[in-house]
Protein chains: 2
Amino acid sequence: MRNMPKQFTRKWGPSLHPSRDEAPKTLAGRVAQQLRLDIIRHHLEPGERLQFEKLSKRYEVGTSPLREALFQVAAQGLVVAEDHKGFVVAPIQFDEMLDVSNLRANLETYAIRGAIQEGREDWEVDLLSAFHRLKLAGIAVSADQDDEDLRTEWEDRHRAFHYALCKGCGSPWLLHFFDELYDHMERYRRYFWKYAERAVAADNEHEAIMKAALDRDEERAATLLQAHFQKQARLTMNLRKKVERAAAAAS
Amino acid sequence: MRNMPKQFTRKWGPSLHPSRDEAPKTLAGRVAQQLRLDIIRHHLEPGERLQFEKLSKRYEVGTSPLREALFQVAAQGLVVAEDHKGFVVAPIQFDEMLDVSNLRANLETYAIRGAIQEGREDWEVDLLSAFHRLKLAGIAVSADQDDEDLRTEWEDRHRAFHYALCKGCGSPWLLHFFDELYDHMERYRRYFWKYAERAVAADNEHEAIMKAALDRDEERAATLLQAHFQKQARLTMNLRKKVERAAAAAS
DNA sequence: CATGTCAACATTTTCGAAAATCTCTTTCCG
DNA sequence: CGGAAAGAGATTTTCGAAAATGTTGACATG
């Protein structure tokens with residue numbers, strides 16, 4: 001046993017997406033995380049060119065770590081790299097948003113089915129507390145719709161809730177894709193903050209989904225989740241028209 | 001119209017995974033592709049440390065492009081990066097293989113449904129020719145099971161066939177995930193070449209799936225595809241036991 | 001004998017400058 | 001006037017060396 005090659009003894013998990021909480025020890029990693037946040041939160045505009053000189057000043061690093069950070073974020077699609085032409089913040093593309101939303105619907109449905117079949121006790125506990133935290137943040141936001149920090153807190157907890165739903169499925173690859181897709185979705189949702197009041201709080205839907213999951217009712221949970229995504233997609237498609245009209249009028 | 005901000009006018013698509021055919025113009029990109037192939041084809045061993053000095057000689061590049069290449073491949077999970085400790089070829093983990101396989105089954109089923117609903121004429125044509133090419137390669141391989149090049153050709157066409165199945169769905173994100181997952185799957189499949197005769201050629205299954213797709217019979221296609229994956233999973237799980245017994249005996 | 005500390009070494013990470021590539025303007029010719 | 005060619009300028013990409021970090025083994029200590 002003791003002489004088995006090390007590829008068999010390593011504990012498994014893709015260890016891809018760096019966990020949101022743990023800070024990387026290298027400059028490149030830190031810059032990558034800052035970049036991600038700056039893009040998701042629209043501190044960097046969609047379509048904006050990312051020049052090394054400017055970013056070097058902004059993040060106070062040399063070209064090497066900056067370059068590595070850009071590649072990390074580019075692999076995720078939040079920036080696009082063109083050979084010898086540099087990097088650009090990924091543009092806003094409503095068709096892509098729909099694609100992301102549909103794929104999320106599929107993946108999370110798959111995940112919740114797995115979680116309901118295999119999820120253990122701590123999955124239930126985490127899910128329950130994630131929902132509670134989301135609910136409280138929802139109440140806070142509806143009290144003051146314009147507070148950036150409250151909305152950001154809500155976003156974080158919303159992500160945590162959906163993540164908690166999926167977590168029980170025990171598929172690291174799925175959770176990795178979840179993270180990548182959710183980053184994009186959050187960016188799109190934040191994009192609409194500028195153009196419209198917050199989409200109707202869907203916490204009752206979240207609660208229904210959670211209850212179905214805790215009841216281990218696979219079909220009900222799947223149906224509710226699909227409906228949840230479809231409703232969100234409808235709402236954002238309406239906003240899309242609004243935004244495009246506004247953009248057309250401005251020209 | 002002409003003054004619309006550029007994020008609306010860009011044509012859409014995530015443009016993530018660099019297309020397999022088009023060669024990157026930067027050193028880093030080229031090295032990344034070579035690295036991918038070397039890992040998938042086991043020219044670099046699972047678990048092997050990737051030291052800059054050695055890789056610098058191997059690929060004849062400096063540290064900067066090498067580092068960028070490693071990050072690109074690390075984002076895909078074929079190598080894992082540890083801060084200040086360097087890079088390692090992703091280990092072989094059978095649990096992960098099962099995860100990848102299950103996720104592929106789900107994603108490709110989702111894709112084939114979309115393709116059957118929305119796929120256009122050229123999708124059908126591409127699918128048909130991809131199958132034909134796969135079939136021919138299968139015949140060639142069964143004639144000489146030990147020819148590396150023939151098997152590699154078969155692998156390429158097998159990927160192309162599954163890709164052609166999914167392509168009609170028109171979801172760039174799904175196709176991106178497909179590429180990432182398939183790279184891992186191919187690596188695992190090649191891993192078994194060393195330990196076992198090739199898994200039974202499943203070209204009759206491929207043909208049945210293709211026909212169902214061309215008949216636009218969504219349910220039949222989905223069922224056949226699921227069965228296809230389940231059968232492959234069973235086969236590889238058997239091989240897994242064999243490999244693990246061999247590894248245990250060797251120690 | 002086990003445990004902790006320190007120094008020397010190996011390796012990764014970062015920096016700053018040189019080389020390569022692209023872009024934009026100007027110029028020249030049909 | 002239109003379009004190709006050329007050159008200046010801006011930007012990205014690459015290299016090689018310096019700085020930072022992790023690792024190993026010897027030595028001292030409980």
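Being a predicted model, the structure only gives us computed values, none of them experimental. FYI, side chains are in, hydrogens and waters are out, and symmetry mates aren't considered; it's all heavy atoms of this structure.
Nucleic acid contact class of A:L66 (heavy atoms, under 4.0 Å, all strands): none. Nucleic acid contact for B:L70: none, since no nucleic acid atom lies under 4.0 Å from a heavy atom of the residue. Here B:T26 lies in heavy-atom contact (under 4.0 Å) with sugar-phosphate atoms only.
A salt bridge between A:E186 and A:R190 is present, with a side-chain N of the basic residue lying under 4.0 Å from a carboxylate O of the acidic one.
In this entry the distance linking CG of A:L50 with C1' of D:dT13 reads 16 Å, nearest Å. Atom NZ of A:K25 and atom P of C:dT11 are 20 Å apart (whole Å). Remark: C1' of D:dT11 and CG of A:L55 are 13 Å apart, rounded to the nearest angstrom. For the pair A:R67 CZ and C:dT13 P, the interatomic distance rounds to 17 Å; values are reported in whole Å. In this structure, OH of A:Y59 is placed 16 Å from P of C:dC15, rounded to the nearest angstrom. What separates CZ of A:F87 from C1' of D:dT13 is a distance of 10 Å, to the nearest Å. Computed from coordinates, the B:E53 CD to D:dG16 C1' distance equals 13 Å when rounded to whole Å.
Judged by closest nucleotide on DNA chain C, A:E60 is the one of A:E60 and A:H84 placed further toward the 5' end. Closest-nucleotide positions on DNA chain C for B:G86 and A:D83 were compared, and the one nearer the 5' end corresponds to B:G86. Summary of the strand contacts: B:E68 and A:Q51 both lie near DNA chain D, and taking for each the nucleotide with the nearest heavy atom, the more 5' one is attributed to A:Q51.
For D:dG22, the OP1/OP2 oxygens have no side-chain nitrogen or oxygen of B:R49 closer than 4.0 Å. At the phosphate of C:dT23, OP1 or OP2 sits under 4.0 Å from a side-chain N or O atom of A:K85.
Counting heavy atoms of neighbouring residues, nucleotides and ligands inside a 6.0 Å radius, atom CZ of B:R133 does not exceed 12 of them.
Two rings, from A:F87 and A:F71, have their centers less than 6.0 Å apart.
Nearest nucleotide to the A:F52 side chain, out of C:dT13, D:dT14, D:dT13: D:dT13.
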Intermediate values then yes/no, ring-ring contact (aromatic ring centres under 6.0 Å, His included), B:H42 and B:W193: CA-CA 11 Å; B:H42 296 280; B:W193 288 6; 8.8 Å; no
Chi angles and distances behind the salt bridge (Lys or Arg N to Asp or Glu O under 4.0 Å) call for B:D183, B:R159: CA-CA 9 Å; B:D183 278 348; B:R159 172 198 287 265; 2.4 Å; yes
